[in-house]
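Counting from 1, the numbers follow the sequence of the chain as shown.
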Amino acid sequence: MTLYKEWKELLENQTDKTFEDFWTEYSQTETRIYEGILGDFITKRKGSDLSGAGLSGNFRELAEKYQADPVIFTGFLDGINESLNNEMDVEKVTASSSIQLDIDLEKLYFNMLAAGAKYLYTLPQWDDILSDEKRTEITKNYKRSKTVVKAKKIGRNDPCPCGSGKKYKYCCGRNK
């Protein structure tokens, strides 16, 4: 069975009894990994450039470096995939795979907000990566993306939006 399938099976087989322990292990592992990635980025970056954030190496070595169970590490890869400049095929990852992650930090912060992962988007490393203004802007964009805008209802006697010049009730709204 592939690591990805093991990850999906682990997720699906959680019970009320096992979920808390699973979540504790996963969130602690995820926190360690992000602290490492963000800390390495802060050390290596030049100025305000946000490019170059990433993670590279052998899957097994990276899992050991971050003290992560290989299946949990696969879950991390599955979770960060949408925040990468070039998504990876997580389903094909094996213990001997070479990992090369090019992380879009702004997208990562946005996705952490979307996941409700306060323990991640409040990591102190973000203070040295994204300014308060930038984090506020990303947060506003996230909130805007969740706002539902209801389209204005077309009245029966309004002109039809198709441009025919007829009233809506005699045109596109005839069978409604």
Side-chain angles (χ1 to χ4, degrees), residues 2-12 14 19-146:
T2 67
L3 286 166
Y4 183 76
K5 285 184 180 177
E6 286 184 55
W7 165 246
K8 288 299 185 184
E9 192 173 288
L10 178 64
L11 280 178
E12 292 169 6
Q14 293 304 311
F19 182 76
E20 190 174 329
D21 290 338
F22 160 75
W23 183 249
T24 299
E25 180 182 2
Y26 181 79
S27 59
Q28 288 174 349
T29 301
E30 193 177 35
T31 301
R32 276 194 306 275
I33 296 169
Y34 280 118
E35 286 174 338
I37 291 171
L38 297 175
D40 288 347
F41 174 73
I42 292 167
T43 304
K44 295 175 187 174
R45 87 167 181 186
K46 296 172 179 81
S48 61
D49 185 18
L50 292 180
S51 64
L55 183 66
S56 61
N58 174 276
F59 177 93
R60 184 178 293 114
E61 292 169 359
L62 291 171
E64 288 173 8
K65 175 182 177 181
Y66 294 110
Q67 303 160 16
D69 175 275
V71 176
I72 299 289
F73 192 71
T74 303
F76 159 76
L77 293 175
D78 187 31
I80 197 173
N81 209 15
E82 290 181 10
S83 302
L84 302 177
N85 288 318
N86 301 305
E87 288 189 20
M88 64 184 299
D89 190 353
V90 182
E91 293 183 45
K92 293 183 179 177
V93 171
T94 65
S96 59
S97 293
S98 179
I99 305 296
Q100 183 72 35
L101 307 181
D102 180 17
I103 304 169
D104 181 327
L105 292 169
E106 290 182 16
K107 196 186 300 184
L108 177 63
Y109 190 82
F110 182 94
N111 290 336
M112 287 176 173
L113 289 167
K118 187 173 182 174
Y119 65 99
L120 295 176
Y121 65 77
T122 57
L123 287 171
Q125 288 85 350
W126 284 114
D127 295 340
D128 295 326
I129 296 172
L130 298 173
S131 67
D132 286 339
E133 294 80 19
K134 190 63 175 174
R135 284 181 283 166
T136 300
E137 176 187 332
I138 295 169
T139 302
K140 284 180 183 177
N141 289 337
Y142 163 69
K143 288 178 180 178
R144 262 189 233 117
S145 74
K146 295 296 175 194

message = Contact between Arg135 and Ile138 at the side-chain level, heavy atoms closer than 4.5 Å - yes or no?
response = no
ask   = After noting the C-alpha distance and the side-chain angles of Tyr109 and Thr139, does the key distance pass the side chain to side chain contact (heavy atoms under 4.5 Å, CB included) rule?
value = CA-CA 9 Å; Tyr109 190 82; Thr139 302; 4.1 Å; yes
inquiry  = Using 0.5 Å steps for rounding, measure from the CG atom of Leu3 to the CD atom of Glu91.
reply    = 12.0 Å
query = Do you know which two heavy atoms are closest between Asn58 and Ser96, and how far apart they sit?
reply = ND2-O, 3.4 Å
remark   = In short, ring-ring contact (aromatic ring centres under 6.0 Å, His included) pairs touching residues 64-91 with sequence neighbours left out are Tyr34-Phe76, Phe59-Phe73, Phe73-Phe76
key: Distance (rounded to the nearest 0.5 Å) between Leu62 CG and Leu101 CG   = 8.0 Å
task = Using the test ring pair (Phe, Tyr, Trp, His ring centres under 6.0 Å), find all partners of Tyr142 that sit at least two apart in sequence or belong to another chain.
result = Phe110
message = Are there over 12 heavy-atom neighbours, none belonging to Glu87, within less than 6.0 Å of that residue's CD?
response = yes
query = Any side-chain heavy atom of Glu30 within less than 4.5 Å of one from Tyr119?
reply = yes
query = Can you check whether Asn141 reaches Arg144 side chain to side chain, under 4.5 Å on heavy atoms?
reply = yes
request  = Kindly state each residue pair satisfying ring-ring contact (aromatic ring centres under 6.0 Å, His included) with at least one member in residues 77-108, sequence neighbours excluded.
outcome  = none
ask   = Closest approach of Lys107 and Leu84, non-hydrogen atoms and distance?
value = NZ-O, 3.7 Å
inquiry  = Would you compute the distance between atom CG of Leu123 and atom CD of Glu35 and round it to the nearest 0.5 angstrom?
reply    = 5.5 Å
query = Got a donor-acceptor contact below 3.5 angstrom from the Trp126 side chain to the Leu120 backbone?
reply = yes
ask   = Measuring from Ile37:CD1 to Ile80:CD1, what's the distance to the nearest 0.5 Å?
value = 5.0 Å
remark   = Between the CG atom in Asp78 and the OG1 atom in Thr74, the distance rounded to the nearest 0.5 Å is 9.0 Å
query = Near Arg60 CZ, under 6.0 Å, is it more than 12 heavy atoms from other residues, nucleotides or ligands?
reply = no
query = Can you check whether Gly54's main-chain N or O pairs, donor with acceptor, with Asp102's side chain at less than 3.5 Å?
reply = no
key: Salt bridge present between Lys140 and Glu137 (N-O < 4.0 angstrom)   = no
query = Under the side chain to side chain contact (heavy atoms under 4.5 Å, CB included) criterion, do Leu38 and Leu105 qualify, and how do the steps go?
reply = CA-CA 9 Å; Leu38 297 175; Leu105 292 169; 3.9 Å; yes
key: Atom pair CG/CG of Leu113 and Leu108 - distance to nearest 0.5 Å   = 10.0 Å
query = Mind checking whether Tyr26 and Phe22 have parallel, tilted or perpendicular rings, split at 30° and 60°?
reply = parallel
task = Please assess Ser97 against Thr94 for the test side-chain hydrogen bond (donor to acceptor under 3.5 Å, both in side chains), listing each intermediate value before the final yes or no.
result = CA-CA 5 Å; Ser97 293; Thr94 65; 3.1 Å; yes
query = With side chains defined as the heavy atoms from C-beta onward, is the minimum distance between Val93 and Ile99 less than 4.5 Å?
reply = yes
key: Side chains of Thr29 and Gln67 in contact at under 4.5 Å (non-hydrogen atoms)   = no
